[in-house]
Amino acid sequence: MANTYTQINIHMIFVVQSRQTLLHKDIRERVFKYIYGILKESNHYPLAVNGYSDHVHTFFELNPSSSVSEIARIVKSNSSKWLNENKFLAHKFHWQTGYGAFSYSRSQRDKVINYVMTQEEHHRRKTFKEEYIELLEGYNIQYKPEYLFDWIDT
């Protein structure tokens, strides 16, 4: 009897609403662990979750029974609900609408995991805007600047 076998490696990026720097070091690790758990509980294989004060990078093997947009919705809604229920912040937390998602082959996994896990170091040299546009252009993705995330140039 035939079965289905896949390996779909997805690098997904999403940001805090209005690009506020709300993911302070003291809560960042807990947020990333929680997102890792959401991916795992949703039958995906998390490879790396990390980010910086205003955005998150996830890298996971996507279960083919789900769409990327579905997992983006689940991760963002569950993590924002968790942040709000645990009152980690003084006001209500929201993720910004939208996300970026990029696929990678098995041979690129270690490189992407390293990239995701060294975000703090990476952002000493490059802004999030530079990083994100570089990814879009590297994948030849047509985009309109007015439809990208809200930018805060720091």
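Because only heavy atoms are used, hydrogens play no part in the values below, and waters and symmetry mates are left out as well, while side chains stay in. The first residue of the sequence shown is numbered 1, and numbering continues consecutively from there.
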- Provide the full list of salt bridge (charged side-chain N to carboxylate O under 4.0 Å, His left out) pairs with a residue in residues 110-119, sequence neighbours left out, each pair given once. none
- Criterion side chain to side chain contact (heavy atoms under 4.5 Å, CB included) on Asn43 and Ser65, from CA distance to verdict: CA-CA 9 Å; Asn43 294 318; Ser65 66; over 6 Å; no
- Item | Pair Tyr143-Ile133, side chain to side chain contact (heavy atoms under 4.5 Å, CB included): steps then yes or no | CA-CA 9 Å; Tyr143 68 92; Ile133 289 174; 3.3 Å; yes
- Message: Can you give me the closest heavy-atom contact between Ser67 and Leu62, atom names plus distance?
- Response: O-CD1, 4.4 Å
- Query: If you look at every heavy atom in Ile74 and Ile38, which pair is closest and at what distance?
  - Reply: CG2-CG2, 3.8 Å
- Decide side chain to side chain contact (heavy atoms under 4.5 Å, CB included) for Arg28 and Ser53; before the verdict, give the C-alpha distance in whole Å, the side-chain angles of both, and the deciding distance to 0.1 Å. CA-CA 8 Å; Arg28 212 179 292 165; Ser53 59; 3.9 Å; yes
- Message: Among residues at least two apart in sequence or on other chains, which ones pass side chain to side chain donor-acceptor pair (under 3.5 Å) with Lys87?
- Response: none
- Test salt bridge (charged side-chain N to carboxylate O under 4.0 Å, His left out) applied to Lys25 - qualifying residues, sequence neighbours left out: Glu120
- Item | Near-ring test Tyr115/His57, centroid separation under 6.0 angstrom | yes
- Measure across Phe32 and Asn50 and return the closest heavy-atom pair with its distance rounded to 0.1 Å. CE1-OD1, 3.2 Å
- OH/Tyr45: more than 12 non-hydrogen atoms of other groups inside 6.0 Å: no
- Test Phe93 against Val16 for side chain to side chain contact (heavy atoms under 4.5 Å, CB included), laying out the working first. CA-CA 8 Å; Phe93 180 87; Val16 175; 3.9 Å; yes
- Message: Going by salt bridge (charged side-chain N to carboxylate O under 4.0 Å, His left out), name the pairs with one or both residues in residues 29-40, residues two or more places apart or in two chains.
- Response: Glu29-Lys33
- Those residues that, when tested against Glu146, pass salt bridge (charged side-chain N to carboxylate O under 4.0 Å, His left out) (two or more places apart): none
- Query: Which class fits the ring pair His11 and Tyr104: parallel under 30°, tilted 30 to 60°, perpendicular over 60°?
  - Reply: tilted
- Task: Any pair with a residue in residues 63-78 that passes salt bridge (charged side-chain N to carboxylate O under 4.0 Å, His left out), sequence neighbours left out, goes on the list, sorted by first then second residue, please.
- Result: none
- Note on the structure: Residue set satisfying salt bridge (charged side-chain N to carboxylate O under 4.0 Å, His left out) with Glu134, at least two apart, ordered chain then number -> Lys126
- Which one of Val112, Ile13, Val68 satisfies the side chain to side chain contact (heavy atoms under 4.5 Å, CB included) criterion with Phe102? Ile13
- Item | Set of side chain to side chain contact (heavy atoms under 4.5 Å, CB included) partners for Gln7, sequence neighbours left out | Asn9, Glu61, Arg106, Arg109
- Message: Does Glu41 have more than 12 heavy atoms from other residues, nucleotides or ligands lying within 6.0 Å of its CD?
- Response: no
- Message: My understanding is that only residues two or more places apart in sequence, or in another chain, count here; which of them pass side chain to side chain donor-acceptor pair (under 3.5 Å) with Ser79?
- Response: Trp95
- Test side chain to side chain donor-acceptor pair (under 3.5 Å) applied to Ser107 - qualifying residues, sequence neighbours left out: Ser105
- Hits for side chain to side chain donor-acceptor pair (under 3.5 Å) against Lys81, two or more places apart or cross-chain, chain-then-number order -> none
- Message: Which heavy atom of Pro46 sits nearest to which heavy atom of Phe60, and what is that distance?
- Response: CA-CB, 3.9 Å
- Message: Could you work out, with salt bridge (charged side-chain N to carboxylate O under 4.0 Å, His left out) as the rule, every residue matching Glu121, not counting sequence neighbours?
- Response: Arg125
